[in-house]
Novice: 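Got a structure here, written out as structure tokens. Questions coming.
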2 protein chains.
Amino acid sequence: MRITGDQYLIKKINKSIVFDTIRQNHPISRAQISETTNLNKGTVSSLVKDLIDDNLVYEIGPGESSGGRRPVMLLFNHVAGFAIGVDLGVNYILTVLTDLEGNPVEEIRTTLENISFDSVISTLFQSIRTLIERAPDSPRGIVGIGIGVPGIVEEKGTVLFAPNLGWKNVNLSEIVKKEFQLPVTVHNEANAGAIGEHLFGAGKDTKNLVYVSVGIGIGTGIIINNDLYKGALGFSGEMGHSVIESHGKKCRCGNRGCWELYASERAFLEQAKTLSIDSADSTEEFNLDWYLQAANEGNDEVIRLFHQAGEYLGIGLTNIVNTFNPELIIIGNRFAKAEKWISQPIRRIVENRALPYHRGHMKIAFSSLGAHSCALGAASVSITNFFSDMKISVE
Amino acid sequence: MRITGDQYLIKKINKSIVFDTIRQNHPISRAQISETTNLNKGTVSSLVKDLIDDNLVYEIGPGESSGGRRPVMLLFNHVAGFAIGVDLGVNYILTVLTDLEGNPVEEIRTTLENISFDSVISTLFQSIRTLIERAPDSPRGIVGIGIGVPGIVEEKGTVLFAPNLGWKNVNLSEIVKKEFQLPVTVHNEANAGAIGEHLFGAGKDTKNLVYVSVGIGIGTGIIINNDLYKGALGFSGEMGHSVIESHGKKCRCGNRGCWELYASERAFLEQAKTLSIDSADSTEEFNLDWYLQAANEGNDEVIRLFHQAGEYLGIGLTNIVNTFNPELIIIGNRFAKAEKWISQPIRRIVENRALPYHRGHMKIAFSSLGAHSCALGAASVSITNFFSDMKISVE
DNA sequence: CCAGTTTGTTTAATCGATAGACAAACTATT
DNA sequence: AATAGTTTGTCTATCGATTAAACAAACTGG
């Protein structure tokens with residue numbers, strides 16, 4: 001049944017508009033709101049009064065006069081409540097506490113020694129509980145918990161499959177909700193990252209973007225029209241398993257020649273095993289950071305390998321460009337640390353291969369939130385949900 | 001500036017709801033509308049009166065009683081106006097006249113002998129003019145013209161690039177608008193086809209689908225959330241130029257190993273040239289229909305070639321499945337005629353290669369509108385635009 | 001033939017937005 | 001210092017759309 005219109009709907013719409021205007025332009029006066037929104041001055045006054053009663057807005061005092069009575073400036077009360085965002089990685093948990101603007105207030109980073117299910121869950125609970133305790137007093141308290149997970153997540157918050165965690169059909173949302181009695185949302189890591197970069201990072205003010213999370217595997221989060229695209233069943237964007245070599249290597253997913261077999265951190269590390277340097281000293285741990293340092297020290301072999309990974313990344317990105325015609329592609333997650341070595345090859349390949357009408361108006365950027373995109377994105381979903389719930393209860 | 005809410009907005013919303021309810025469920029009574037929409041009976045009466053004044057709805061007389069006063073049944077006046085849809089093909093023009101429900105009323109199919117620009121335009125004008133003259137009298141007349149073109153079309157109706165027509169930067173929308181003084185929209189052929197199949201064909205009642213137009217090249221139209229996805233600049237979905245062999249053949253687009261080099265009609269015909277039969281009789285024209293007949297007559301070589309094309313189609317479709325997680329993929333345009341030979345290979349490849357969570361809930365279908373998807377889709381855009389304009393002018 | 005049901009209109013009340021009047025607070029000019 | 005003009009935010013009367021409820025008309029079934 002569709003929602004029909006009545007006066008409550010009007011008020012809800014206009015209250016949202018006023019609230020969003022304040023959030024995006026504070027400090028701002030009632031008169032300015034009236035002017036920018038075209039709402040009547042009286043209407044604005046009345047709605048602002050409601051928002052002040054809701055504790056979401058407050059008056060900061062008189063502002064500068066522009067030749068008449070001084071305006072009363074309004075501020076968004078960004079500490080009316082707090083949200084928690086979690087990046088549940090393969091061997092770490094990053095938990096952040098943010099205010100209602102999405103600004104990080106506190107964070108906890110834990111390395112997972114024991115990756116048994118019970119141990120991971122208990123570490124997760126521990127870090128969330130600590131942040132809840134550390135959260136400043138506020139009228140609304142903790143408004144929700146958002147969690148990003150490296151795997152396929154169904155809409156209601158069940159992790160269907162997370163190979164690197166060894167999880168299958170884990171109703172994470174329910175488990176966490178039960179423990180903390182708070183609204184919980186669970187997302188795919190790349191989707192959360194896309195939301196994070198879209199709201200706070202390199203993708204601010206961009207309506208259509210694709211966030212490519214290059215870690216052990218490759219995941220993508222697709223923002224269309226300022227909204228995350230979810231697909232029919234809630235799990236879209238597995239472009240890491242797009243074929244770029246139809247008769248290529250076999251992939252665990254059952255397909256052949258998947259992109260992430262050629263352009264991910266895992267692909268890089270496999271390739272790197274064949275380099276001559278490895279045999280030299282076998283006691284060291286040859287991880288991504290080691291190779292980054294080697295490249296920095298001028299190791300040609302390693303640098304060539306980074307270039308190659310960049311080229312393969314470029315090939316998959318070209319497909320994304322031709323398919324989605326986005327304004328922006330953001331490369332994030334661990335492999336983004338190799339920006340210095342992969343940026344040029346990526347751009348060269350996309351420049352040479354993408355359709356001219358598409359590449360002309362498109363940019364490629366690297367994550368500007370670094371390791372935080374996923375956790376901040378997850379937290380922001382809780383904030384968004386809180387606001388939209390609030391707006392429904394306009395009473 | 002955002003649209004703020006007032007009583008006019010409410011009325012607009014509710015009028016749309018009532019109108020849509022009538023369109024989708026006619027014949028229907030005022031009482032039934034009130035029940036299904038949850039709008040008050042009085043409100044429904046008032047809005048229906050407006051719609052009757054607008055000539056969009058009319059009373060058909062008393063319906064069956066269900067134990068009380070007999071209801072007055074309402075019908076959507078689907079002949080209150082007409083729309084024109086054009087499929088501007090490489091060597092043909094298909095023009096259809098539809099009523100406001102999108103039902104075809106008349107159609108003209110012209111084969112293009114001379115493909116010079118002026119000749120194409122004059123043939124186009126001719127066929128549109130004929131249909132306008134043949135359209136029955138109606139209170140609203142022709143509400144708009146929609147045109148589907150095999151090329152990249154910018155949002156305002158300029159054909160940026162249509163290689164098979166030899167067009168570059170043709171402001172088709174303006175040219176046609178000038179001639180007929182009617183609203184004109186221009187679309188990419190695959191996008192129009194997607195809209196057509198979504199509204200009237202195999203994709204009815206499906207929120208998320210991808211229409212794959214397999215002709216000389218491969219184009220895709222993407223319906224997300226019942227809406228055509230357009231990309232940042234209005235031209236998305238060039239998945240025909242997705243790479244499936246990163247070191248494959250060179251493509252005219254500048255890339256290598258594009259999907260359409262392996263799975264389109266052109267790719268098939270190129271391959272077919274190498275078959276032994278061709279040398280046998282060189283006076284015949286070896287086009288797709290010839291090979292379809294050969295396959296039907298049991299020619300193993302040709303059948304094997306269709307199987308191969310099906311397999312390559314399957315590889316690209318797998319990428320679409322993993323990327324978009326659609327409910328449905330519809331294969332249309334000329335190559336869909338080979339359904340009998342390519343259907344099994346396609347399904348086998350997707351079954352074996354797509355991610356399990358995605359393929360489980362996804363179907364593959366072939367166009368059910370045949371050659372009409374593009375023209376009907378283009379016409380329907382005009383109808384949709386007409387309705388939404390009308391709703392804005394709620395007086 | 002009458003009681004009960006269904007349909008669609010009418011009426012009174014409610015609620016939110018708007019235009020415009022207004023008072024308060026301020027600046028600039030003389 | 002006085003005054004004119006401007007800006008801000010509130011208040012009031014009015015408008016318009018929805019709703020609940022009353023109502024009349026039309027119909028069914030026992």
Side-chain angles (χ1 to χ4, degrees), chain A residues 1-19 21-22 27-53 57-74 391 394-395, chain B residues 1-19 21-22 25 27-53 57-74 391 393-395:
Chain A
M1 202 163 50
R2 271 168 79 178
I3 293 166
T4 52
D6 61 3
Q7 303 97 314
Y8 297 105
L9 179 67
I10 294 189
K11 188 164 183 182
K12 198 160 83 186
I13 293 170
N14 290 342
K15 194 170 167 185
S16 292
I17 293 175
V18 170
F19 184 42
T21 306
I22 295 173
I28 189 173
S29 70
R30 291 171 175 80
Q32 282 173 281
I33 296 172
S34 167
E35 208 174 336
T36 59
T37 62
N38 259 11
L39 284 165
N40 184 278
K41 289 194 290 174
T43 308
V44 171
S45 277
S46 145
L47 294 174
V48 165
K49 200 182 163 197
D50 279 13
L51 289 168
I52 290 177
D53 288 346
V57 166
Y58 62 98
E59 298 182 338
I60 187 83
E64 288 294 296
S65 162
S66 60
R69 168 175 164 183
R70 293 171 69 187
V72 179
M73 302 313 280
L74 301 166
K391 283 166 194 166
V394 164
E395 183 221 0
Chain B
M1 202 163 51
R2 271 168 77 176
I3 292 165
T4 51
D6 59 3
Q7 303 100 311
Y8 297 105
L9 179 68
I10 292 190
K11 187 165 182 180
K12 200 160 82 187
I13 293 171
N14 290 342
K15 194 171 166 184
S16 292
I17 292 175
V18 170
F19 185 41
T21 307
I22 294 173
N25 304 291
I28 189 173
S29 69
R30 291 169 175 82
Q32 282 173 280
I33 297 172
S34 167
E35 207 175 336
T36 59
T37 61
N38 259 12
L39 284 165
N40 184 276
K41 289 194 289 172
T43 308
V44 172
S45 276
S46 145
L47 295 173
V48 165
K49 199 181 163 199
D50 278 13
L51 289 168
I52 290 176
D53 289 346
V57 166
Y58 63 98
E59 299 182 337
I60 187 84
E64 289 291 296
S65 161
S66 60
R69 170 176 164 183
R70 292 172 68 190
V72 178
M73 301 314 280
L74 301 167
K391 282 167 196 166
S393 66
V394 167
E395 181 223 4

Novice: Protein-nucleotides 10-14 of chain C N/O pairs closer than 3.5 Å?
Specialist:
from: C:dT14; atom 1: O2; to: A:Gln7; atom 2: NE2; distance (Å): 3.4

Novice: Name all residues meeting the side chain to side chain contact (heavy atoms under 4.5 Å, CB included) criterion together with B:Pro62; count only those two or more places apart in sequence or in a different chain, and write none if there are none.
Specialist: B:Arg70
Novice: First locate atom NZ of A:Lys49, then atom CZ of A:Arg30, and finally report the distance between them rounded to the nearest 0.5 Å.
Specialist: 10.5 Å
Novice: What's the closest nucleotide to the B:Arg30 side chain, out of D:dG9, C:dA17, C:dT9?
Specialist: C:dT9
Novice: Under 3.5 Å, is there a donor-acceptor pair between the side chain of B:Ser29 and the main chain of B:Met73?
Specialist: no
Novice: Take the protein atom CG of A:Asn14 and the nucleotide atom C1' of C:dC15, then report the distance between them rounded to whole Å.
Specialist: 13 Å
Novice: Write down the distance between CD1 (B:Ile10) and P (D:dT19), rounded to a whole number of angstrom.
Specialist: 9 Å
Novice: Whole Å only: how far is the CG atom of A:Asp50 from the P atom of C:dC15?
Specialist: 14 Å
Novice: When rounded to the nearest 0.5 angstrom, what is the spacing between OG1 in B:Thr21 and CG in B:Leu74?
Specialist: 11.0 Å
Novice: Within the 4.5 Å heavy-atom criterion, are A:Ile22 and A:Ile33 side-chain neighbours or not?
Specialist: yes
Novice: Please list, for nucleotides 25-30 of chain C, all pairs of protein and nucleotide N/O atoms separated by less than 3.5 Å.
Specialist:
from: C:dA25; atom 1: N3; to: A:Arg69; atom 2: N; distance (Å): 3.2

Novice: Could you please name the option among C:dG16, D:dT18, D:dG16 that lies closest to any side-chain atom of B:Tyr8?
Specialist: D:dG16
Novice: What nucleic acid atoms does B:Val44 come within less than 4.0 Å of, heavy atoms only: base, sugar-phosphate, or nothing?
Specialist: nothing
Novice: Return the value, rounded to whole Å, for the distance between atom CD1 of A:Ile33 and atom P of D:dT8.
Specialist: 12 Å
Novice: Among C:dA17, C:dG8, D:dG9, which is the nearest nucleotide to the side chain of B:Ser29?
Specialist: C:dG8
Novice: Can you measure from OG1 (A:Thr43) to NZ (A:Lys11) and round to the nearest 0.5 angstrom?
Specialist: 10.5 Å
Novice: Measure the CG-CD1 distance between A:Leu47 and A:Ile13 for me, rounded to the nearest 0.5 Å.
Specialist: 11.5 Å
Novice: Measuring from atom CD1 of B:Ile10 to atom CD1 of A:Ile10, what distance do you get when rounded to the nearest 0.5 angstrom?
Specialist: 3.0 Å
Novice: Test B:Asp50 against B:Val18 for side-chain contact (heavy atoms from CB on, under 4.5 Å), laying out the working first.
Specialist: CA-CA 11 Å; B:Asp50 278 13; B:Val18 170; over 6 Å; no
Novice: Return whichever of B:Thr43 or A:Ala31 has its heavy-atom-nearest nucleotide of DNA chain D closer to the 5' end.
Specialist: A:Ala31
Novice: Please report the distance, rounded to the nearest Å, between CG in B:Asn38 and C1' in D:dT18.
Specialist: 13 Å
Novice: Whole angstroms only, please: what is the CG-P distance between A:Leu47 and C:dC15?
Specialist: 16 Å
Novice: In whole Å, what is the span from the NZ atom of A:Lys11 to the P atom of C:dT18?
Specialist: 13 Å
Novice: Just how far, in rounded Å, is P of C:dG16 from NZ of A:Lys15?
Specialist: 11 Å
